Amino acid sequence: MWVEIFFFSIYNILIVYVVTASNVNGIQALFYGVAVGLHFIAVSHDLWRKNPTLYNVIGRYVITIGIIIGWAMGTLVTLSSFTQSLIFAFISGGP
């Protein structure tokens with residue numbers, strides 16, 4: 001369970017970084033937000049079903065911190081377009 005929480009947190013960091021760093025605006029931002037939000041809810045629910053006690057005590061906070069780290073990186077860190085493309089390619093075919 002810890003491994004899943006850790007890797008989904010890293011995965012969430014990458015997703016939020018790409019969405020934030022790509023400067024998506026308007027209706028596209030709305031669609032990104034809804035799609036990514038539903039994805040986060042589905043993953044969180046799946047992790048909760050596997051081990052509700054561990055998820056409620058620690059897991060949900062680790063995943064939330066991952067989302068916040070991804071947002072901070074997206075606003076503060078500028079990676080090359082090649083690196084952003086690699087991250088986008090990874091998350092497009094991710095778990």
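Keep in mind that this is a model prediction, so the values were computed, not measured. No hydrogens, no waters, no symmetry mates; every other heavy atom, side chains included, goes into these values.
Residues passing the side chain to side chain contact (heavy atoms under 4.5 Å, CB included) test with Tyr32, sequence neighbours excluded: Val19, Val24. Scanning for side chain to side chain contact (heavy atoms under 4.5 Å, CB included) contacts around Leu38 gives Val34, with sequence neighbours left out.
Annotation: salt bridge (Lys or Arg N to Asp or Glu O under 4.0 Å) contacts involving residues 31-41, sequence neighbours excluded, are absent. Identified under the salt bridge (Lys or Arg N to Asp or Glu O under 4.0 Å) test for residues 18-45, with sequence neighbours left out: none. Sorted by first and then second residue, the pairs that involve residues 76-91 and meet side chain to side chain donor-acceptor pair (under 3.5 Å), not counting sequence neighbours, are Tyr17-Gln84, Ser80-Thr83. Counting only residues at least two apart or in different chains, side chain to side chain donor-acceptor pair (under 3.5 Å) contacts with residues 54-63 comprise Ser44-Tyr55. Screening residues 22-44 for salt bridge (Lys or Arg N to Asp or Glu O under 4.0 Å), with sequence neighbours left out, gives no hits.
Minimum heavy-atom separation, Gly66 to Ser9: CA-OG, 3.5 Å. Taking both residues in full, the closest heavy atoms of Val16 and Ile67 are given as CG1-O, 3.7 Å, listed atom of the first, atom of the second, then distance.
Linking Ile, Leu, Val, Met, Phe, Trp and Tyr residues whenever their side-chain heavy atoms come within less than 4.5 Å leaves Ile65 and Ile41 in two separate clusters. No continuous path of ILVMFWY side-chain contacts below 4.5 Å connects Val36 to Ile27, so the two sit in separate hydrophobic clusters. No path of Ile, Leu, Val, Met, Phe, Trp and Tyr side chains, each step under 4.5 Å between heavy atoms, connects Leu86 with Phe88, placing them in separate hydrophobic clusters. No path of Ile, Leu, Val, Met, Phe, Trp and Tyr side chains, each step under 4.5 Å between heavy atoms, connects Ile15 with Leu30, placing them in separate hydrophobic clusters. Both Ile5 and Ile10 are part of a single hydrophobic cluster, where members link through side-chain heavy atoms under 4.5 Å apart.
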Could you list the donor-acceptor pairs under 3.5 angstrom formed between side-chain atoms of residues 45-52 and any protein atom two or more places apart in sequence or on another chain?
| residue | atom | partner | partner atom | Å |
| --- | --- | --- | --- | --- |
| Lys50 | NZ | Glu4 | OE2 | 2.6 |
| Asn51 | OD1 | Leu54 | N | 3.3 |

Which atom pairs, donor and acceptor, lie under 3.5 Å between side-chain atoms of residues 68-77 and protein residues at least two apart or in another chain?
| residue | atom | partner | partner atom | Å |
| --- | --- | --- | --- | --- |
| Thr75 | OG1 | Trp71 | O | 3.2 |
| Thr75 | OG1 | Ala72 | O | 3.1 |

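Residues Phe8 and Val62 are not in side-chain contact: their nearest non-hydrogen atoms beyond the backbone lie 4.5 Å or more apart. Put simply, the side chain of Trp2 reaches to within 4.5 Å of the side chain of Ile58, judged on heavy atoms.
Leu14 CG to Phe90 CZ: the interatomic distance, rounded to the nearest 0.5 Å, is 6.5 Å.
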